[in-house]
Undergrad: 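I have a structure here, written as structure tokens, and I will follow up with some questions on it.
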Number of protein chains: 2
Amino acid sequence: MQQPRRNTWQREAVRAALVQTPGFVSAQQLHQVLRDAGTTIGLATVYRALAGLSETEEVDSLQSPDGENLFRFCAMPGHHHHLICRACGDTRELSATVVEEWTRRVGAEHGFSDIEHVVDLFGICERCRATA
Amino acid sequence: MQQPRRNTWQREAVRAALVQTPGFVSAQQLHQVLRDAGTTIGLATVYRALAGLSETEEVDSLQSPDGENLFRFCAMPGHHHHLICRACGDTRELSATVVEEWTRRVGAEHGFSDIEHVVDLFGICERCRATA
DNA sequence: CGCTAGAGTGAGAGTCATTCTCATTTAGAA
DNA sequence: TTCTAAATGAGAATGACTCTCACTCTAGCG
Ligand SMILES: [Mn+2]
Ligand SMILES: [Mn+2]
Ligand SMILES: [Zn+2]
Ligand SMILES: [Zn+2]
């Protein structure tokens, strides 16, 4: 998908909602939030907006352990990874030089090219551990 | 799901089909293979068998980039990761001490517990690169 | 400013992996 | 062999995501 040519309040609303959300959220959740806020935005539009923002790397996306795609507005520029609380969604951004290097090395050793890597950490944060 | 109490040819057929399959396969693919082989096994049963085998770690599972759950009979015992060819599915098993340590360290640094990590590499293998 | 082409939208239908339901089958203990 | 509940499987249900297409609204132009 090439970048949008026209600006719409819908796309801006999605971006704004993401900025206000601390952790990763699904498209469905975001749609609900926007509807509750009184907008008439459509679900398909939320999906389209997120796909666009993902491609320009304005937001990060990942698959939750149960297969749902989650999104988050990202402050840290460039490639990085995440440590996510399974309970509250709180997220820490990680730069992972060690892992990047390991990836490159392993790929080369096996003669693989165009390596992509999926590296995500899920756990329980301090606060949620206390609450339990 | 606790472990099965009864042995059925269905569960054994799933295991056998997995052993003969070199790369990761989906439940649907496996079901098709088993049907083509002349069995009358049901799709739900394939899913149930795979879930069971996953839990006992007789097979490894991962999410493909497009969200499908894939399974593979694993020779390497204990925890490990994979480098998978996007084109042909060929898979290399990796032990990743570096990554395991990084995971532990990062988790601790951020006060997270019960850390789980998803680490998978996807690329194009030498053979497929030549074919292209 | 209006006008317009066509990018963008959204309600609803469609897709597809996975799970659920429940009538029927069958493993395995007695 | 008998019996009972675990296991199965056909088909329905679920749920995330995508597609369709008539309608809307952005933005470039006169
Ligand atoms: Mn990385
Ligand atoms: Mn690991
Ligand atoms: Zn938390
Ligand atoms: Zn290959």
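Numbers restart at 1 for each chain; the letters A, B, ... are given by sequence-line order, proteins then strands.
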Undergrad: Let me check something: do B/Leu53 and B/Phe73 share a hydrophobic cluster, defined by ILVMFWY side-chain heavy atoms less than 4.5 Å apart, either directly or through other members?
TA: yes

Undergrad: What's the CZ-C1' distance between B/Arg5 and C/dG28, to the nearest Å?
TA: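 It is 13 Å, rounded to the nearest whole Å.
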
Undergrad: So, B/Ser26 and B/Gln28: side-chain donor and acceptor under 3.5 Å apart, yes or no?
TA: no

Undergrad: Base, sugar-phosphate, or nothing: which does A/Ser26 touch, judged by heavy atoms less than 4.0 Å apart?
TA: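 No contact at all - A/Ser26 keeps every heavy atom at 4.0 Å or more from the nucleic acid.
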
Undergrad: Between D/dG9, D/dT8, C/dA11, which nucleotide gets closest to the side-chain atoms of B/Ile41?
TA: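 Shortest atom-to-atom distance from the side chain points to D/dG9.
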
Undergrad: Do the side chain of A/Arg48 and the base of C/dG10 come within less than 3.5 angstrom through a donor-acceptor pair of N or O atoms?
TA: yes

Undergrad: Using only side-chain N and O atoms of B/Arg35, determine if any of them is under 4.0 Å from OP1 or OP2 of D/dA10.
TA: yes

Undergrad: Report the distance from atom OH of B/Tyr47 to atom C1' of D/dA7, rounded to the nearest whole Å.
TA: 19 Å

Undergrad: Think B/Gln28 has a side-chain N or O under 4.0 angstrom from the OP1 or OP2 of C/dC16?
TA: no

Undergrad: When the distance from CD of B/Gln29 to P of C/dC16 is rounded to whole Å, what number comes out?
TA: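 Taking CD of B/Gln29 and P of C/dC16, I get 14 Å after rounding.
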
Undergrad: Output yes when A/Glu109 and A/Arg105 qualify as a salt bridge under the 4.0 Å nitrogen-oxygen rule, no when they do not.
TA: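 Yes, charged N to carboxylate O under 4.0 Å.
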
Undergrad: Of the listed nucleotides (C/dG10, D/dG9, C/dG8), which one gets closest to any side-chain atom of A/Thr45?
TA: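 The answer is C/dG10, which lies nearest to the side chain.
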
Undergrad: Consider the side chain of B/Glu68, meaning its heavy atoms from C-beta on, and name the nucleotide among C/dG28, C/dA17, C/dG10 that approaches it most closely.
TA: C/dA17

Undergrad: Round to a whole Å and report the spacing from CG of B/Leu34 to C1' of D/dG9.
TA: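 Spelled out: CG on B/Leu34 to C1' on D/dG9 is 14 Å.
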
Undergrad: Between atom CD in B/Gln32 and atom C1' in D/dG9, what is the gap in whole Å?
TA: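 Whole-Å distance recorded here is 16 Å.
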
Undergrad: Assuming nearest nucleotide by heavy-atom distance, tell me which of B/Leu43 and A/Leu70 is located more 5' along DNA chain D.
TA: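 Whichever sits nearer the 5' end wins; that is B/Leu43.
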
Undergrad: Are A/Gln10 and C/dG10 close enough that a side-chain N or O sits under 4.0 Å from OP1 or OP2?
TA: yes

Undergrad: Consider side-chain contact (heavy atoms from CB on, under 4.5 Å). Of A/Thr91, A/Leu121, A/Asp90, which one does A/Leu83 pass it with?
TA: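 Considering A/Thr91, A/Leu121, A/Asp90, a side-chain contact (heavy atoms from CB on, under 4.5 Å) with A/Leu83 is found only for A/Leu121.
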
Undergrad: Would you mind reading off the distance between B/His31 atom NE2 and C/dC16 atom P, rounded to a whole angstrom?
TA: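 Distance, rounded to whole Å: 17 Å.
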
Undergrad: Return the value, rounded to whole Å, for the distance between atom CZ of A/Phe71 and atom C1' of D/dA16.
TA: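 Computing the A/Phe71:CZ to D/dA16:C1' distance gives 11 Å.
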
Undergrad: Within the distance-only criterion (no hydrogens, no angle test), does the side chain of A/His117 pair as donor or acceptor with the backbone N or O of A/Thr103 below 3.5 angstrom?
TA: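 Side chain of A/His117 to backbone of A/Thr103, a donor-acceptor pair under 3.5 Å: no, none is there.
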
Undergrad: What is the separation between atom CZ on A/Arg11 and atom P on D/dT26, rounded to the nearest whole Å?
TA: 12 Å

Undergrad: Using heavy-atom distances to pick each residue's nearest nucleotide on DNA chain C, tell me which of B/Asn7 and B/Gly67 is more 5'.
TA: B/Gly67

Undergrad: Whether A/Arg6 contacts C/dA5 is assessed here as follows: a side-chain N or O lying under 4.0 Å from the phosphate OP1 or OP2. Is that the case?
TA: no

Undergrad: If the cut-off is 4.0 Å, is A/Thr8 near the phosphate of C/dT9, judged by side-chain N/O to OP1 or OP2?
TA: yes

Undergrad: Salt bridge or not for B/Arg129 and B/Glu126, using N-O below 4.0 Å?
TA: no

Undergrad: Phosphate oxygens OP1/OP2 of C/dT18: is one of them under 4.0 Å from a side-chain N or O of B/Asn69?
TA: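 Affirmative; the distance criterion is met.
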
